[in-house]
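Bear in mind the structure is a predicted one, so any value in this text is a computation, not a measurement.
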Number of protein chains: 2
Amino acid sequence: MNSQFGERIRTLREKQNLYLRQVAPLLEMDTAQLSKIEKGVRQIKKEQIPILADILKTEKDELLILWLADQLYDVVKDEKLATEAMQVAEKKINLINRKKK
Amino acid sequence: MNSQFGERIRTLREKQNLYLRQVAPLLEMDTAQLSKIEKGVRQIKKEQIPILADILKTEKDELLILWLADQLYDVVKDEKLATEAMQVAEKKINLINRKKK
DNA sequence: GGTATATTTGTCAATACTTGACAAGTCAAT
DNA sequence: ATTGACTTGTCAAGTATTGACAAATATACC
């Protein structure tokens, strides 16, 4: 389980019976790139997520959450203190969100 | 509140009555760099954290957690779905940690 | 005012990292 | 052994980050 985003879009693509060769051009990339994205070797650009959501007929938000989660995971994946760091970060986010109201 | 790490080390440095000019050379950087790190404009290198913890007579883990939290925060700071993404990431971390046992 | 010390800000070349593009590879089906 | 789908490797080009320095600002003291 290397990339939740990648796994998800592969599942969705297969569900739609689409080949890499069909999807890649819509994102203006080659199949090699898209293959790597699905495998989690490379990251898709944030701006491409809505396009992909359309193609795969799924919610943009669902994909964005998974994509962000992958980025977050990347930061702390080998850290003993991952959970603690996440808690601190979360606290800060909640603080900011409260302010925005 | 731009960088929890930066704020913390500034507080600690001041508590020790140290000047940037005194601390910076110990980290092999100039005061300008360290100033930016304290302000959260730039990031310190992970490997420098233990050195800094020694200088500031604090726990390496405390600083590392704050530093990681800053990196995490950076990923999702402008995201409506920040909290959701954090939850997904956390779930994955817990899953992996359980496996490691 | 002027000087000194501490910190901050701006700039920019050097370095490091990521991406795009292509070629060559594997794998499965026929 | 050919075809189609996908994967992997490589590397130049494009981006981003860092290190180093100069200059600016801030504060305190005389």
Open item on the list: Can you measure D30(B) atom CG to dT7(C) atom C1' for me and round it to whole angstrom units?
Closed with: 12 Å
Task: Nearest heavy-atom neighbours spanning D70(A) and S3(A) - done: OD2-OG, 3.0 Å
Open item on the list: Can a donor-acceptor pair be found, under 3.5 Å and without considering hydrogens, that links the side chain of Q16(A) to the backbone of L12(A)?
Closed with: no
TODO: Please determine if a side-chain N or O atom of K45(A) lies less than 4.0 Å away from the OP1 or OP2 oxygen of dG20(C).
DONE: yes
Open item on the list: Distance check needed: dT15(D) P versus E47(A) CD, whole Å only.
Closed with: 12 Å
Open item on the list: Expressed as a whole number of angstroms, how long is the span from Y19(B):OH to dA28(D):C1'?
Closed with: 11 Å
Task: Whole angstrom value for the distance that separates P of dG20(C) from CD1 of I44(A) - done: 10 Å
Task: Main-chain N/O of Y19(A) paired with Q22(A) side-chain donor or acceptor, under 3.5 Å - done: yes
Open item on the list: Please report the distance, rounded to the nearest Å, between CD1 in I37(B) and P in dT17(D).
Closed with: 15 Å
TODO: State, with a plain yes or no, whether a side-chain heavy atom of M29(B) is found less than 4.5 Å away from one of R42(B).
DONE: no
Open item on the list: Let me confirm one number: the CD1-CG distance from I44(A) to L27(A), rounded to the nearest 0.5 Å.
Closed with: 5.0 Å
TODO: I would like to know whether E28(B) and Q48(B) meet side chain to side chain donor-acceptor pair (under 3.5 Å); could you show each step before the answer?
DONE: CA-CA 10 Å; E28(B) 298 181 85; Q48(B) 296 176 307; over 6 Å; no
Open item on the list: So if I take residues 63-72 of chain B and measure heavy-atom distances to DNA chain C, which residues fall below 4.0 Å?
Closed with: none
Listing time: all N or O pairs from protein to nucleotides 8-15 of chain C that are below 3.5 Å?
unit_1: dT8(C); atom_1: OP1; unit_2: R10(B); atom_2: NH1; d: 2.5
unit_1: dT8(C); atom_1: OP1; unit_2: R10(B); atom_2: NH2; d: 3.4
unit_1: dT8(C); atom_1: OP2; unit_2: R10(B); atom_2: NH2; d: 2.6
unit_1: dT8(C); atom_1: OP2; unit_2: S35(B); atom_2: OG; d: 2.6
unit_1: dT8(C); atom_1: O5'; unit_2: S35(B); atom_2: OG; d: 3.4
unit_1: dG10(C); atom_1: O6; unit_2: K36(B); atom_2: NZ; d: 2.8

Open item on the list: If you count every heavy atom of other residues, nucleotides or ligands that lies below 6.0 Å from K46(B) atom NZ, does the total exceed 12?
Closed with: no
Task: Whole angstrom value for the distance that separates P of dC22(C) from CZ of R21(A) - done: 18 Å
Open item on the list: Output the rounded distance in Å from CE (M29(A)) to C1' (dT7(D)).
Closed with: 15 Å
- [ ] Indicate yes or no: at least one non-hydrogen side-chain atom of K77(B) is less than 4.5 angstrom from one of K92(A).
- [x] no
Open item on the list: A quick test of your reading: do over 12 heavy atoms of other residues, nucleotides or ligands sit less than 6.0 Å from NZ of K91(A)?
Closed with: no
Open item on the list: How many whole angstroms separate atom CD of E28(A) from atom C1' of dG20(C)?
Closed with: 12 Å
